Every structure is written in structure tokens, then in C-alpha cells.
*Asks:* 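Sending over a structure as C-alpha cells; questions will come in a sec.
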Amino acid sequence: ITLAALPPGLGLGYGLAWFMSVMFETELFRFPVVIERATYGFSALVVAGAALATGLVVRSRIDRLDLVAVLKTRE
């Protein structure tokens, strides 16, 4: 899911940066939108790393569950 969400997220991030640049533009100041390829790579790497770390934490907690005790509990 994370890999499928990365390209739209990068596009939405660029759109948000452009929108903010336009909204802060005045007669005296203009903020150009300059985003390098390395920025996209770094942000995708951080998001993928965070998703992987979160998945490993969840996996370790699931592995420690006592399935028999969980199934015996009443709702």
C-alpha cells in the first residue's frame, strides 16, 4: 500500500508547495518552487523506512500474542 501511495503523495506534495508559493506571493516577494530529485528520493526513503519499521513492530507484537487465550475471551 505504501509503494502505491508514494507517487500520488509526491505529486500532492509538489502541488501543495506550488499552492503555498502562490498564496504567499505579494508585490514585493515571490517564492519560486524548486524541488530537486534528491528531495523526492529522500522523502520516499524516509516514508518507506517508517512503514517498514512500523510493520516490524506490529509483526513482533502479533507474534507474542497467545492465540488460544485471545480466542477464549468473551466479547
Side-chain angles (χ1 to χ4, degrees):
I1 293 174
T2 303
L3 292 177
L6 276 174
L10 294 174
L12 287 172
Y14 182 83
L16 179 63
W18 174 81
F19 178 73
M20 290 177 66
S21 172
V22 169
M23 295 308 292
F24 284 121
E25 188 174 313
T26 65
E27 293 180 10
L28 296 175
F29 298 104
R30 181 177 177 269
F31 297 104
V33 178
V34 178
I35 302 175
E36 297 181 9
R37 289 183 188 179
T39 305
Y40 284 119
F42 178 72
S43 62
L45 190 64
V46 168
V47 169
L52 181 64
T54 304
L56 290 174
V57 169
V58 170
R59 175 62 187 233
S60 70
R61 290 187 178 190
I62 288 174
D63 288 342
R64 284 186 276 149
L65 280 177
D66 183 13
L67 190 57
V68 175
V70 170
L71 291 174
K72 284 185 179 180
T73 58
R74 294 186 182 181
E75 292 183 9

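Counting from 1, the numbers follow the sequence of the chain as shown. From a predicted model like this one, the values you see are computed outputs, not experimental measurements.
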*Asks:* So which residues get pulled into F29's cluster when ILVMFWY side chains under 4.5 Å apart are joined, directly or through others?
*Replies:* L28

*Asks:* Using a side-chain heavy atom cutoff under 4.5 Å and only I, L, V, M, F, W and Y, what cluster partners does L52 have?
*Replies:* L56

*Asks:* Taking side-chain hydrogen bond (donor to acceptor under 3.5 Å, both in side chains) as the definition, give me every residue that meets it alongside D66, ordered by chain and number, with sequence neighbours left out.
*Replies:* none

*Asks:* In a table with atom names and distances, give each donor-acceptor pair under 3.5 Å that connects a side chain of residues 30-47 to protein atoms at least two apart or in another chain.
*Replies:*
{"residue": "S43", "atom": "OG", "partner": "T39", "partner atom": "O", "Å": "3.1"}
{"residue": "S43", "atom": "OG", "partner": "Y40", "partner atom": "O", "Å": "3.0"}

*Asks:* Taking only residues two or more places apart in sequence, or in another chain, which ones meet R59 in a side-chain hydrogen bond (donor to acceptor under 3.5 Å, both in side chains)?
*Replies:* D63

